[in-house]
Amino acid sequence: MIREFQVQGVPVSELARRYDTPLFVYDGTVLRDRFHGLRDRLHPAMEIFYSLKANPNISVCALLHSFGARAEVSSLVELTTALRAGVPPQQVIFLGPGKSRQELAACLDTGIYAVVCESIPEVALVDELARGRGVKAPVALRVNPRFAVKRSGLAMGGKPRQFGIDEEELFDRTDLVKRFPDVDLMGVQVYMGTRILHEAVIVENTTRILDLAERLSDALNLDLRMVDVGGGLGVSYFDGESDLDAQVLTDGLNPVIEDFVARHPGTRLIMELGRYLTAEAGTYVMGVRYTKTSMGERFAVADGGTHHHMAAVGIGSFVKRNFPMAVLNRLDEPPTEEWNVTGPLCTPGDTIGKKVPLPPVRPGDLIGVHRSGAYGPTASPGLFLSHGYPAEVLVHEGRCHLVRERDRPDDLLKRQRLYDPTAHDAADVTH
Ligand SMILES: *Cc1c(COP(=O)(O)O)cnc(C)c1O
């Protein structure tokens, strides 16, 4: 018998038959195990907020929320997604460096737990909006700390950045609470960077962030009801990387949290996690259309590519490395050849894997990119060459749920307007 990749007993060939390819498949059990693997070990005072940026699918958000995740959002649509997924407003925070007036108004009108402000002018705008509504706006300050994270895939703090307010500046702004009477300055947030794969680095960051929050709230006289320690927990994608060990991580984190809780028993503690929760649960499934050779190299030309999975081209590194890939319909066959896996786009950049060790590939095969549940379609140029976004299927408790329909031509064309160059008498339309 030929061994096939399955998601909770559903063979990949059946998924491809039912939903066509290319396709993202999410395994609800993996989502649950990722969440609980950490939740069950982590100090109970530390709440896990799901960063929708990693995968904004409403059903993924709803499922994670059913396990206990709260939501961290960064746009009006992400906010709407979280609320429609059933996350109560008091379990939602909104951050991002360039929030619009409309987004900030929505934060106040929906009554979310905190707006994380990233500049003083933003605090001023929130203050104005709150005054107009006769409410007091819950605001946490995002701090760009003096210290930088070591060994992260992408550092977000400790250097000149559009994110947050510099630590130095904040310590000089001792009038902040007085200056913005309609803002309730209730929290501190720091996000150091992403793709961290060393437990000790996360423990050290968390320690420093909690300490900074404490010093800052003393200096500014804040009523510190929330500290968001960011997160940045990575998952391994490439050769030579290894996954975080949740036990080792929480053995390091929990005493630090306990220490803080003892001094600030009423303060809500928040950790924001995106890829850590979703990456492993997703597989991008592509159908092979053609195989060929060019100047001695093999090419498998698939129906999917970088327009759905830009991250697979090598995130946070200049060396392009391959995500874990396999021929899903023939898992038993050893990888005896090297294949370039490419897509339908008219650019050499549409190479989703370079010289990937695979068994001999044939048209009709299903090639899968594993660990693709984060930063897939959401972080890819899905409109390039007007292919549109693929279907997404969630398998949970042995059943398949189509959680996003594939874009059809009409979906892509309906927001365009046809200007008819031959219709000369349209000139009387003015505006
Ligand atoms: C991107 C981002 C996250 C999520 O990052 P992951 O690496 O997916 O966990 C969390 N918080 C902030 C502020 C972010 O910018």
- Query: Using 4.0 Å as the upper bound for N to carboxylate O, is an ion pair formed by Glu241 and Arg195?
  - Reply: yes
So CZ of Phe94 and CG of Leu104: to nearest 0.5 Å the spacing works out to 7.0 Å
Scanning both residues in full, the closest heavy-atom pair of Asn55 with Tyr50 reads O-OH, 2.7 Å
side-chain contact (heavy atoms from CB on, under 4.5 Å) test vs Leu212 passes for just one of Val143, Leu170, Val229, Thr207, namely Val143
query = Is the count of non-hydrogen atoms from other residues, nucleotides or ligands lying under 6.0 Å from Gln162 atom CD greater than 12?
reply = yes
Review point. Within a radius of less than 6.0 Å around NZ of Lys354, do more than 12 heavy atoms belonging to other residues, nucleotides or ligands occur?
Key: no
| Cation over ring face, Arg406 and Tyr19, 6.0 Å, 45° | no
Does the plane of the ring in His387 sit parallel, tilted or perpendicular to the ring in His307? Use 30° and 60° as the thresholds. tilted
Practice problem: Quick one: do Leu273 and Leu38 satisfy side-chain contact (heavy atoms from CB on, under 4.5 Å)? Show the steps, please. | Solution: CA-CA 11 Å; Leu273 300 178; Leu38 185 63; 3.4 Å; yes
- Does Arg417 pair with Asp420 as a salt bridge, N-O distance under 4.0 Å? no
Per side-chain contact (heavy atoms from CB on, under 4.5 Å), Leu331 is matched among Glu4, Arg3, Gln6 by Arg3
Yes or no on side-chain contact (heavy atoms from CB on, under 4.5 Å) for Thr283 and Val12, after CA distance, side-chain angles and deciding distance? CA-CA 10 Å; Thr283 306; Val12 68; over 6 Å; no
| Is the backbone N or O of Thr306 less than 3.5 Å from a side-chain atom of Asp350, with the two atoms forming a donor-acceptor pair by type? | yes
Separation between NZ (Lys99) and OG (Ser119), nearest 0.5 Å, reads 7.5 Å
Salt-bridge criterion met for Arg133 and Asp182 (N-O under 4.0 Å): no
inquiry  = Is it the case that the ring center of Phe5 lies less than 6.0 angstrom away from the ring center of His370?
reply    = yes
Exercise. Between Ile209 and Met192, does a side-chain contact (heavy atoms from CB on, under 4.5 Å) hold up when you go through it step by step?
Worked result: CA-CA 9 Å; Ile209 292 165; Met192 299 298 300; 3.9 Å; yes
Check this for me: does any side-chain nitrogen of one of Arg330 and Asp365 sit under 4.0 Å from a carboxylate oxygen of the other?
yes
Rounded to the nearest 0.5 Å, the OH atom of Tyr276 sits from the CD1 atom of Ile202 at a distance of 8.5 Å
Q.
Run Tyr389 and Asp411 through side-chain contact (heavy atoms from CB on, under 4.5 Å) and show every step you take.
A. CA-CA 10 Å; Tyr389 287 95; Asp411 296 321; over 6 Å; no
Interatomic distance, OG@Ser386 vs CG@Leu413, rounded to 0.5 Å, equals 7.0 Å
Taking everything shown except Asp40 itself, do over 12 heavy atoms lie less than 6.0 Å from its CG?
yes
One should read off an interatomic distance between Cys117 SG and Ile165 CD1, to the nearest 0.5 angstrom, of 7.5 Å
Using the ring of each side chain (for Trp, its six-membered ring), is Phe24 parallel, tilted or perpendicular to Tyr284, with breaks at 30° and 60°?
parallel
- Task: Answer yes or no for Arg268 and Tyr113: cation-pi contact, defined as NZ/CZ to six-membered ring centre under 6.0 Å and angle to ring axis within 45°.
- Result: yes
Inspect the contact between Glu272 and Lys53 and indicate whether a charged nitrogen and a carboxylate oxygen are less than 4.0 angstrom apart.
no
